[in-house]
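Here is the structure we will look at.
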Number of protein chains: 2
Amino acid sequence: MEEGLRERKKRETRRRISDMATGLFLMRGFDQVTVAEVARAADVSVNTVFNYFGTKEDLFLDRQADLEEIYRGVVRDRRPGESVVDAFRRDFLDALDTGDWRYGFHEGAEVWGRVVAESPALRARTLEIERQVMACVAAAIEEEADADPDDVRPELVAAQILSTTRLLSRHALRRRTAGESPREVEAWLREQAEALFDLLESGIGGYGRRPLVVAEDGEAAGDEEEDDVEGDHRRP
Amino acid sequence: MEEGLRERKKRETRRRISDMATGLFLMRGFDQVTVAEVARAADVSVNTVFNYFGTKEDLFLDRQADLEEIYRGVVRDRRPGESVVDAFRRDFLDALDTGDWRYGFHEGAEVWGRVVAESPALRARTLEIERQVMACVAAAIEEEADADPDDVRPELVAAQILSTTRLLSRHALRRRTAGESPREVEAWLREQAEALFDLLESGIGGYGRRPLVVAEDGEAAGDEEEDDVEGDHRRP
DNA sequence: TACCCAACTTGCAGTCACTCCAAAATTGTG
DNA sequence: CACAATTTTGGAGTGACTGCAAGTTGGGTA
């Protein structure tokens, strides 16, 4: 008895709910679709939806486990002579070649990105996921490097690498939604990736260093142009 | 007519709501207090609470605007010869000296940290704030460096610096809540800050490099510590 | 002083995500 | 076929948040 009817039905139900939800969200936007609608579309009760997915956001974002596994692999399976940064650089460029989903280069990524960008709840959940993935990568690096549990460097390395890839993904998505062609974006992305990973490797210590001798005419630090102070309450 | 009665009352009401909310949250936890209770404690209606604060989370996390202003200052007012990283290193150590709130070293920080850690909603909002602050710092750096709007490096620099300070703050908070004395934590923090900022300056390119030739007996990864780049990656 | 307008506050009704609970319905087992 | 375990469902909440219409208040004006 490899898989009983029970297990199969569960898997099917979960899949049906997820697919229906994703379809509706992509079509009409996350906040414009209620959980009740998803339930109706999947022909289950609302309670069943929450039986499978902890929150409404999880209906749209439930690749976290996969992500963690993939990144663990990148760290663990890096080649001889490769540093952690090297491994992620290679992985990023490979993903760019194959149109892998994990950096947002897959087909339809711009629709997906727009839906996420338009929903505060989804953006928040995305950040939380990124945080957890970061912790996971940090753990993998720490384990690999056999570092002291008090050593903070693995976390720093993880944070910096993932900041870099996230930055690249976000810009790529923005350019895609702004109407640039995939080919254009890909070229730009390849160039920027090299530059950022180089910077990551060699350090940002010198960036923006202020000259020791101040020119005689230029005004000093900013005295003009005081911008807004009070933020507006009530966010949409 | 410097400030009418109307303005003063508004300021007082806002302050009263915020104070009552903060007190209740610190005492009983964020999720254990309803907005209705806050309203009752502040002697206003629930609607008035939402008139002043967009969300329940904003009742507790209200310093974002201040944070952005402070960080803008750090970037803009850096001294001659200082790079952006230098400026933030100095600012961090100064804040450590003065017990400044912005990195979580103030009195009662561990209670505050526990409340945030225990509430998913607050954690999510914290991440969102960090993201916005990061964007703000990136903008300041870009402006300062007079960089091309297409240049992604300012964002990378901002992300990496703030990742570092966030990492330090989080660990400090964790140690405080774990019962370490403030003096202990401060000493540890000072040492780690130097190490991490050094790493930030010199780059993480060599971290965790896997040896080219695999030793015939033992496992490959791990203990060889050959960091090829210039930085002396001291370990704690 | 009396009045009026604008801003601020409030109560009320409603939506939606999400929880708890107990009663079905379904599935696997002896 | 019974019986237990699991899943599904309906119903009755709770709590954040919104929109609306009716007060209430402060400031300026006739």
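Every chain is numbered from 1, with letters handed out A, B, ... down the list of sequences.
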Validation: residues 110-120 of chain A side-chain donor-acceptor distances under 3.5 Å, sequence neighbours left out:
residue, atom, partner, partner atom, Å
A:E110, OE1, A:R176, NH2, 2.7
A:S119, OG, A:A121, N, 3.4
A:S119, OG, A:L122, N, 3.1

Check this for me: does any side-chain nitrogen of one of A:D148 and A:R153 sit under 4.0 Å from a carboxylate oxygen of the other?
no
Under-4.0 Å salt bridge between A:E144 and A:R76:
no
Touch class at under 4.0 angstrom, heavy-atom based, for B:V33 against every strand present
sugar-phosphate
Using a heavy-atom cut-off of 4.0 Å across all strands, would you classify B:V44 as base, sugar-phosphate, or nothing?
sugar-phosphate
Between A:F88 and A:Y71, is the gap from one ring center to the other below 6.0 Å?
yes
Is there a donor N/O on one and an acceptor N/O on the other, under 3.5 Å, for the side chain of B:D31 and the base of D:dG15?
no
So which nucleotide from C:dC18, D:dG15, C:dG11 ends up closest to the side chain of B:T34?
D:dG15
Per B:R6 side chain, nearest of listed nucleotides C:dC8, D:dG15, C:dA17
C:dC8
Find the distance A:R14:CZ to D:dT7:P and express it as a whole number of Å.
13 Å
Taken to the nearest whole Å, CG/B:D43 to C1'/C:dG11 is 15 Å
In whole Å, I'd like the distance from the NZ atom of B:K10 to the P atom of D:dG27.
13 Å
Whole-Å distance between C:dC12 C1' and B:N47 CG?
9 Å
What is the distance from CD of B:E7 to P of C:dA7, rounded to the nearest Å?
11 Å
Using a cut-off of 4.0 Å on non-hydrogen atoms, how would the nucleic acid contact of B:V49 be classed: base, sugar-phosphate, or nothing?
nothing
Within the structure shown, what part of the strands sits under 4.0 Å from A:F53 by heavy-atom distance: base, sugar-phosphate, or nothing?
nothing
Exercise: identify the closest heavy-atom pair between A:R72 and A:C136:
NH1-SG, 3.5 Å
Check this one for me: any side-chain N or O of B:Y52 less than 4.0 Å away from OP1 or OP2 of C:dC8?
no
C:dT10 phosphate, OP1 or OP2: any side-chain N/O from B:T48 under 4.0 angstrom?
yes
Separation of C:dC8 C1' from B:R11 CZ (nearest whole Å):
17 Å
Calculate the interatomic distance between A:K9 atom NZ and D:dT7 atom P; express it in whole Å.
13 Å
Take the protein atom CG of B:N51 and the nucleotide atom P of D:dT24, then report the distance between them rounded to whole Å.
18 Å
